[in-house]
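A short write-up of the structure that comes next.
The figures here come from the full heavy-atom set of this structure, side chains too, leaving out hydrogens, waters and symmetry mates. All chains are named by letter (A, B, ...) in the order of the sequence lines, taking the proteins before the strands, and each is independently numbered beginning at 1. Predicted, not measured: the structure shown is a model, and the values here were computed from it.
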Protein chains: 2
Amino acid sequence: MPNIPNSSEISLTTVFNALGDPIRMKIAYCLASTGEKNCSTFEVGHISKSTLSHHIKVLREAGVIQPRIAGKQHFYSFRKEDLSIRFPGLMDLILNSAEVGIHKSSIQVINISDHN
Amino acid sequence: MPNIPNSSEISLTTVFNALGDPIRMKIAYCLASTGEKNCSTFEVGHISKSTLSHHIKVLREAGVIQPRIAGKQHFYSFRKEDLSIRFPGLMDLILNSAEVGIHKSSIQVINISDHN
DNA sequence: CAATCAGTTCGAAAAAAATCGAACATTGAA
DNA sequence: TTCAATGTTCGATTTTTTTCGAACTGATTG
């Protein structure tokens with residue numbers, strides 16, 4: 001299950017596909033900005049652990065993040081070295097988009113006068 | 001129908017979501033590298049015109065491409081100015097990934113000895 | 001005006017992705 | 001060894017996306 005692609009196998013389309021989801025973008029941003037973290041500390045909303053596990057898998061298989069297993073804890077980190085060689089600018093793009101969490105599907109229009 | 005977001009409304013996650021599809025990545029690469037084009041000239045595989053229209057819509061609504069309607073023809077272009085201000089480096093990322101068309105889901109393993 | 005061309009929209013079907021709870025590992029601790 | 005903690009995997013369900021053909025729209029052409 002440590003099924004992670006090597007640097008040369010990482011595809012931009014697949015990386016974009018992985019990052020094109022608000023939860024996964026949050027995780028990637030979190031790891032890119034603060035370094036290695038245990039996945040229980042990811043600040044995603046209320047999702048089940050199996051769902052989180054799934055999103056982590058998508059990021060891992062796309063080549064965005066890297067696991068390090070220490071005992072019963074799994075630490076993840078952004079694949080900074082590999083990605084900055086293969087796709088220079090990608091990490092900055094993620095870091096500079098402070099819009100993390102803002103995605104078309106997560107925008108809600110609250111209409112105050114709408115009281116049905 | 002000219003439902004295109006203005007520059008400040010373009011979300012990186014939504015852009016990544018749009019580009020995280022091999023057909024749409026092809027279209028974006030095509031436009032980013034060669035400028036304005038009529039959509040009938042996109043070199044995507046055999047897809048119906050309604051499917052192509054759908055993919056164009058996703059790219060347009062994400063803010064990746066821009067339409068210009070001239071008579072009965074629709075010309076599209078990559079939103080170079082807006083995107084390079086909002087997400088510097090994104091266009092180069094797309095241009096430098098000559099892997100266009102290579103995506104996990106489009107890789108086929110041909111086994112020569114498999115003659116059933 | 002009728003026909004054609006270029007493309008969008010609609011409706012339905014198929015495929016893919018997201019989500020969850022339950023069951024399953026594996027590690028570390030009592 | 002038994003239990004709890006930290007995940008992953010499985011199976012099912014729901015939701016979203018992709019895809020197509022048919023019908024539609026708007027502009028040009030005969």
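- Counting heavy atoms from C-beta outward, A:Ser84 and A:Leu90 have side chains that stay 4.5 Å or more apart.
- Across the protein-nucleic acid pair, A:Arg68 atom CZ and D:dT6 atom C1' stand 15 Å apart, rounded to whole Å.
- With sequence neighbours excluded, no residue forms a salt bridge (Lys or Arg N to Asp or Glu O under 4.0 Å) with A:Glu9.
- Atom pair A:Ile69:CD1 and C:dT27:C1' shows a separation of 11 Å (rounding to whole Å applied).
- Hydrophobic cluster membership is shared by B:Leu95 and B:Val64, with clusters built from Ile, Leu, Val, Met, Phe, Trp and Tyr side chains linked at under 4.5 angstrom.
- Contact of the A:Phe87 side chain with the B:Asp92 side chain is not registered, since no non-hydrogen atoms from C-beta on lie closer than 4.5 Å.
- Contacts between residues 45-57 of chain B and DNA chain C, counted as heavy-atom distances below 4.0 Å, involve B:Lys49, B:Ser50, B:Ser53.
- Residue A:Lys37 qualifies as enclosed at atom NZ: its count of foreign heavy atoms under 6.0 Å is above 12.
- Between the CD1 atom of A:Ile23 and the P atom of C:dA17 there is a distance of 16 Å, given to the nearest Å.
- Considering only heavy atoms from C-beta on, A:Ile4 stays 4.5 Å or farther from A:Ile65 through its side chain.
- Among the heavy atoms of the strands, none lies under 4.0 Å from B:Phe75.
- One atom, CD1 of B:Ile65, and another, C1' of C:dT8, lie 14 Å apart when rounded to the nearest Å.
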Under 3.5 Å, N/O pairs linking protein and nucleotides 28-30 of chain D:
none

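- In this structure, a donor-acceptor pair under 3.5 Å is absent between the side chains of A:Ser53 and A:Ser50.
- Annotation: proximity of residues 30-41 of chain B to DNA chain C (heavy atom, distance under 4.0 Å) is found for B:Asn38, B:Cys39, B:Ser40, numbered in ascending order.
- Atom CG in A:Leu59 sits roughly 12 Å away from atom P in D:dT8 (whole-Å rounding).
- For B:His74 and C:dC5, the NE2 to P distance is 16 Å, given to the nearest whole Å.
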With a cut-off of 3.5 Å and sequence neighbours excluded, list every side-chain donor-acceptor pair involving residues 72-80 of chain B.
{"residue": "B:Arg79", "atom": "NE", "partner": "B:Asp82", "partner atom": "OD2", "Å": "3.2"}
{"residue": "B:Arg79", "atom": "NH1", "partner": "B:Pro5", "partner atom": "O", "Å": "2.8"}
{"residue": "B:Arg79", "atom": "NH2", "partner": "B:Pro5", "partner atom": "O", "Å": "3.0"}
{"residue": "B:Arg79", "atom": "NH2", "partner": "B:Asp82", "partner atom": "OD2", "Å": "2.8"}

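- In this structure, the side chains of A:Phe16 and B:Asn17 stay at 4.5 Å or more apart for every pair of heavy atoms.
- C:dA16 atom C1' lies 13 Å from atom CZ of B:Arg24, rounded to whole Å.
- Listed by chain and number, the residues in a salt bridge (Lys or Arg N to Asp or Glu O under 4.0 Å) with B:Arg24 amount to none (sequence neighbours excluded).
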From CA spacing to verdict: salt bridge (charged side-chain N to carboxylate O under 4.0 Å, His left out), A:Glu43, A:Lys26: CA-CA 8 Å; A:Glu43 287 163 13; A:Lys26 268 195 183 177; over 6 Å; no

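- Taking atom CG on A:Leu19 and atom C1' on C:dA17, their separation rounds to 16 Å, with Å as the unit.
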